[in-house]
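Everything below concerns the one structure shown next.
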Amino acid sequence: EEITREDVLRTKNGPASTEESIALTGLRKHMARAMVRSSTEAPQATLMKTIDVTKLLDLHSELQERHELQDYRITPFALIAYCFVKALASLPLANASFDSERNRIVVHDSINLGIAIATDQGLVVPNIKSAGSISFSEFMKSLRDVVDAARQGQLLPAQISGGTVTMTNIGALGLDTGTPLLNPGEAAILAVGSIDRRPWVVSDPDEKLEIRSVLQLALTIDHRILDGSEGAQLLTATASMVSNPDLSVLKA
């Protein structure tokens, strides 16, 4: 059999590469740039806390029975998001940005809560405007609307601009916890893990071991704006509200 020049070159250079090259375009290109900016501009620290959410699930079941809330598709994550917004009121610095040009911290007047959503086109973070000053039913409607718009690829520019603080539902991916990266320009992001049934020590008033619904919260902060103590304050305030939700504050 005749050996050709191409055979020699193929042996010299090794087998042809089967690697695929994918161009970054659109949302994925934007996401890549945003994450590089996030990791290089802001010194980040992540705090974690494991909590019992059995009472939250009981409240969720109760709210699902309310006729006036049927159209809002209320989920445990939605209730946690509402509690997080309420907890933010106790620490305005968590709803702030760092202005590196003026070396100042800018505290925002309104809480525009971003919700990180994975779509076929890439990660998007639409936000609920004035999340801290609207009613429970308005909050749930706004959350439903931005999630639907994101999944249908119909987000408006106003819905993805102006966010001030973010949440991400990594539990929907089957994960217990993680270390979320900040959305560039924001001071905090809260990751909500999966809800699992686990043994848990309950004190009421005597200690006893029960099977409870448990999840982990992970809060990443910009250490230029919040120190560890302030981050812990926000995380524990959120955890307290989620662990012992008060129906009286959830006004429909």
Side-chain angles (χ1 to χ4, degrees), residues 30-53 56 76-77 79-118 123-128 131-132 162-196 214-243:
H30 173 76
M31 178 182 66
R33 289 178 174 175
M35 292 301 95
V36 169
R37 179 185 165 198
S38 171
S39 61
T40 56
E41 286 187 2
Q44 303 184 32
T46 302
L47 310 173
M48 301 180 184
K49 189 169 180 62
T50 304
I51 58 174
D52 177 2
V53 293
L56 183 86
F77 176 80
L79 295 177
I80 296 170
Y82 190 76
C83 290
F84 182 51
V85 168
K86 294 303 179 184
L88 283 165
S90 66
L91 190 64
L93 273 179
N95 190 52
S97 299
F98 190 84
D99 185 340
S100 56
E101 292 185 1
R102 296 188 298 162
N103 200 34
R104 296 175 63 87
I105 294 172
V106 180
V107 180
H108 303 295
D109 294 333
S110 178
I111 299 173
N112 296 338
L113 179 67
I115 306 295
I117 302 171
L123 183 69
V124 294
V125 190
N127 62 83
I128 301 171
T164 60
V165 65
T166 297
M167 289 185 65
T168 179
N169 185 10
I170 61 175
L173 305 175
L175 302 177
D176 293 335
T177 191
T179 54
L181 287 177
L182 292 169
N183 202 21
E186 297 178 4
I189 178 172
L190 181 70
V192 178
S194 61
I195 299 176
D196 298 310
V214 174
L215 67 73
Q216 294 187 60
L217 300 175
L219 178 72
T220 295
I221 58 173
D222 184 337
H223 228 310
R224 298 172 299 178
I225 301 174
L226 300 171
D227 60 28
S229 175
E230 291 163 332
Q233 176 186 333
L234 175 59
L235 184 57
T236 55
T238 303
S240 178
M241 292 184 186
V242 173
S243 298

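Each residue takes its place number in the sequence, starting with 1.
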Let me confirm one number: the [atom1]-[atom2] distance from [X] to [Y], rounded to the nearest 0.5 Å.
{"X": "L88", "Y": "L234", "atom1": "CG", "atom2": "CG", "answer": "5.5 Å"}
{"X": "L47", "Y": "T220", "atom1": "CG", "atom2": "OG1", "answer": "8.0 Å"}
{"X": "L93", "Y": "H108", "atom1": "CG", "atom2": "NE2", "answer": "11.0 Å"}
{"X": "D109", "Y": "T164", "atom1": "CG", "atom2": "OG1", "answer": "10.5 Å"}
{"X": "N127", "Y": "T166", "atom1": "CG", "atom2": "OG1", "answer": "8.0 Å"}

Can you name the nearest heavy-atom pair linking [X] to [Y], along with the distance?
{"X": "E186", "Y": "D222", "value": "O-CB, 4.1 Å"}
{"X": "I80", "Y": "M167", "value": "CG2-CE, 4.1 Å"}
{"X": "V107", "Y": "P92", "value": "CG1-O, 3.7 Å"}
{"X": "A218", "Y": "M48", "value": "CB-CG, 4.0 Å"}
{"X": "A239", "Y": "I51", "value": "CB-CG2, 3.6 Å"}

Report the residues that fulfil side-chain hydrogen bond (donor to acceptor under 3.5 Å, both in side chains) with [X], sequence neighbours left out, ordered by chain and then residue number.
{"X": "N169", "answer": "none"}
{"X": "T50", "answer": "none"}
{"X": "N112", "answer": "S110"}

(request) Under the side chain to side chain contact (heavy atoms under 4.5 Å, CB included) rule, collect the residues that match up with A45, sequence neighbours excluded. (result)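 Per chain and number, A45 pairs via side chain to side chain contact (heavy atoms under 4.5 Å, CB included) with I221, H223.
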(message) Test side chain to side chain contact (heavy atoms under 4.5 Å, CB included) on L219 and T238; report intermediate values, then the result.
(response) CA-CA 10 Å; L219 178 72; T238 303; over 6 Å; no
Using a 4.5 Å cut-off on heavy atoms from C-beta on, say whether the side chain of [Y] contacts that of [X].
{"X": "P180", "Y": "I170", "result": "no"}
{"X": "F84", "Y": "V165", "result": "yes"}
{"X": "V53", "Y": "P76", "result": "no"}
{"X": "L190", "Y": "L235", "result": "yes"}
{"X": "L56", "Y": "I195", "result": "no"}
{"X": "L217", "Y": "V192", "result": "yes"}
{"X": "R224", "Y": "I105", "result": "no"}
{"X": "V85", "Y": "I128", "result": "no"}

Using atom types as modelled and distance alone, determine if a side-chain donor or acceptor of [X] lies under 3.5 Å from a backbone N or O of [Y].
{"X": "T236", "Y": "Q233", "answer": "yes"}
{"X": "S240", "Y": "A237", "answer": "no"}
{"X": "D99", "Y": "R102", "answer": "yes"}
{"X": "S97", "Y": "G185", "answer": "yes"}

(request) Any chance you could lay out the side chain to side chain contact (heavy atoms under 4.5 Å, CB included) test for I189 and L181, step after step, and finish with the verdict? (result) CA-CA 7 Å; I189 178 172; L181 287 177; over 6 Å; no
(message) One pair to check against side chain to side chain contact (heavy atoms under 4.5 Å, CB included): F98 and N103. What are the steps and the verdict?
(response) CA-CA 7 Å; F98 190 84; N103 200 34; 3.5 Å; yes
(request) Can you sort out the partners of R104 under salt bridge (Lys or Arg N to Asp or Glu O under 4.0 Å), two or more places apart, ordered by chain and number? (result)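 Testing R104 for salt bridge (Lys or Arg N to Asp or Glu O under 4.0 Å), a comparison that skips the adjacent residues, returns none.
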(request) Quick one: list whatever passes salt bridge (Lys or Arg N to Asp or Glu O under 4.0 Å) with D227, sequence neighbours left out. (result)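 If we apply the salt bridge (Lys or Arg N to Asp or Glu O under 4.0 Å) test to D227, skipping adjacent residues, there are no hits.
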